[in-house]
There are 2 protein chains.
Amino acid sequence: MTKRRPKTSRKASGQERQAGIIATAASLFAARGFTGTTTREIAKAACCSEALVFKHFPTKRALYAAILAEKVPLTELLTAVEDAAKKRDDRLVFTMLASHRIRRGADPTLLRLLLFSALEGHELSNMFFKNQHRIFYDYLAGYIEQRIREGAFRRVDPLLAARSFMGMLAHHRLLHEIFRVPAHRSPEDCVESYVNLFLDGVQAGTPATRKTRS
Amino acid sequence: MTKRRPKTSRKASGQERQAGIIATAASLFAARGFTGTTTREIAKAACCSEALVFKHFPTKRALYAAILAEKVPLTELLTAVEDAAKKRDDRLVFTMLASHRIRRGADPTLLRLLLFSALEGHELSNMFFKNQHRIFYDYLAGYIEQRIREGAFRRVDPLLAARSFMGMLAHHRLLHEIFRVPAHRSPEDCVESYVNLFLDGVQAGTPATRKTRS
DNA sequence: GTTCGGTGAGTGAGTAATTACTCACCAAAA
DNA sequence: TTTTGGTGAGTAATTACTCACTCACCGAAC
């Protein structure tokens with residue numbers, strides 16, 4: 001993007017350039033997908049020649065793969081959640097997860113990149129999905145399972161419950177970021193509502209008017 | 001795909017051909033997206049020449065637009081749900097919706113087409129989304145609002161509640177159809193679980209251990 | 001301080017293949 | 001004969017990718 005060392009030296013270091021190309025290419029791929037983005041566009045956006053892009057990455061696919069591989073799993077969030085989980089503060093656990101997803105799932109390119117790679121069927125998309133999302137489900141399902149054993153939650157299917165919670169959040173982002181549905185309430189309100197809805201549905205104690213069919 | 005009237009006559013009627021081209025193109029667009037699909041592939045899959053495709057549709061985009069426009073809103077489902085809604089059978093209402101989404105949301109191309117069109121930012125994607133999905137939210141939000149007024153549901157945000165329910169279902173399909181996550185339970189079980197989870201979270205009567213923060 | 005050669009950053013001008021799209025033309029119905 | 005379904009062989013533009021080449025910089029010999 002921005003040219004470093006504009007006067008004293010006109011050359012960027014190899015690492016700088018490579019990082020710059022990855023960053024600009026990532027936003028282009030996120031906006032238009034793999035097939036929808038040309039190497040010429042990438043070079044232009046990165047302020048260099050096409051030839052230089054291919055000096056750094058042997059093929060367009062290799063550049064794409066480097067981008068997907070660069071995004072690291074969100075372990076720091078899970079370790080933060082771990083504290084709340086140890087205290088068995090259900091509300092805090094789910095609020096932290098929801099809050100991260102809705103308010104700070106900040107990088108808007110990530111969701112688009114993830115969807116595009118899955119839709120376009122790239123080999124790395126599985127790994128990408130695993131690093132970026134699956135880790136949540138597994139963790140959450142484990143927590144829910146434990147809370148069921150402790151009698152705090154109803155006997156729901158842990159994995160399905162985890163997915164339904166993450167589903168509410170993922171769908172929320174999908175609606176707003178991809179389908180451009182305007183928000184009618186603040187993110188904080190949404191987080192609270194989702195958490196309430198979920199906890200009321202899953203916490204033990206007083207099952208609401210339950211008429212079990214079949 | 002298959003050649004009609006193979007012996008007696010080698011020419012298909014214009015309407016037949018057009019419908020055939022739309023059908024085959026739809027599955028290709030759903031599989032590879034708009035930019036990822038070539039008119040040559042479409043012609044080959046439709047067993048005709050590229051020139052004929054352009055006889056029926058002036059541009060590739062026009063063909064794509066015809067496909068998106070062809071998919072009609074699912075009003076028949078909503079009228080079926082209407083009966084259950086009149087009887088105030090909450091469980092049936094939500095089970096019907098979930099069941100349609102998870103078990104009979106049969107057309108797998110629809111979801112991919114919808115996502116691709118939204119991601120690739122086509123003009124008609126808004127209308128497509130509205131016809132295919134938004135109608136559910138609006139209807140559901142209306143029903144929930146009414147049930148709240150009647151005291152059957154808690155005072156939740158109707159639109160947010162509707163979205164969280166549809167979100168669970170949409171995410172379910174997304175995981176399985178796009179991200180190829182293997183199902184670990186039968187569709188019927190999933191439907192029941194989702195409905196239980198949601199109704200317990202939203203139905204009035206006995207709010208489960210509710211500690212309202214802030 | 002100047003010169004010199006080596007190295008890595010960087011590019012203009014290609015290439016062959018593919019793209020959406022066209023046109024002159026044909027053949028079978030009507 | 002006219003109309004309609006259908007095509008082979010294009011075209012200009014775009015695609016990913018290559019190659020011969022220049023330029024800036026740096027350390028060292030002069």
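Since this is a predicted model, take the numbers as computed values, not measurements. Below, read A as the first sequence line, B as the second, and so on, with proteins coming before strands; counting in each chain starts at 1. Just the heavy atoms: all of them, side chains too, but no hydrogens, waters or symmetry mates, feed the values below.
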Could you pull out all donor-acceptor pairs under 3.5 Å where a side-chain atom in residues 44-57 of chain B meets a protein atom, sequence neighbours excluded?
{"residue": "B/S49", "atom": "OG", "partner": "B/L52", "partner atom": "N", "Å": "3.3"}
{"residue": "B/E50", "atom": "OE1", "partner": "B/R40", "partner atom": "NE", "Å": "3.4"}
{"residue": "B/E50", "atom": "OE2", "partner": "B/T39", "partner atom": "OG1", "Å": "2.7"}
{"residue": "B/H56", "atom": "ND1", "partner": "B/Q18", "partner atom": "OE1", "Å": "3.1"}

Tabulate below the donor-acceptor pairs under 3.5 Å that side-chain atoms of residues 110-119 of chain A make, not counting sequence neighbours, or state none.
{"residue": "A/R112", "atom": "NE", "partner": "A/A30", "partner atom": "O", "Å": "2.7"}
{"residue": "A/R112", "atom": "NH2", "partner": "A/A31", "partner atom": "O", "Å": "3.1"}
{"residue": "A/R112", "atom": "NH2", "partner": "B/L119", "partner atom": "O", "Å": "2.6"}
{"residue": "A/S117", "atom": "OG", "partner": "A/L113", "partner atom": "O", "Å": "3.2"}
{"residue": "A/S117", "atom": "OG", "partner": "A/L114", "partner atom": "O", "Å": "3.0"}

Nearest 0.5 angstrom please: A/F198 CZ to B/M168 CE, how far? 9.5 Å

How long is the line joining NZ of A/K44 and P of C/dT11, in whole Å? 14 Å

Contact string for nucleotides 16-26 of chain C, one letter per nucleotide 5' to 3', B = base within protein heavy-atom range under 4.0 Å, S = sugar-phosphate only, - = neither, reads ---BBBBBB--

Can B/Y64 and B/T37 be said to form a side-chain contact (heavy atoms from CB on, under 4.5 Å), step by step? CA-CA 11 Å; B/Y64 193 69; B/T37 305; over 6 Å; no

Got a second to check how far A/L124's CG is from A/K71's NZ, nearest 0.5 Å? 14.0 Å

Taken to the nearest whole Å, CD/A/Q18 to C1'/C/dG8 is 14 Å

Could you tell me the separation between the CD1 atom of A/I21 and the P atom of C/dG10, rounded to a whole number of Å? 8 Å

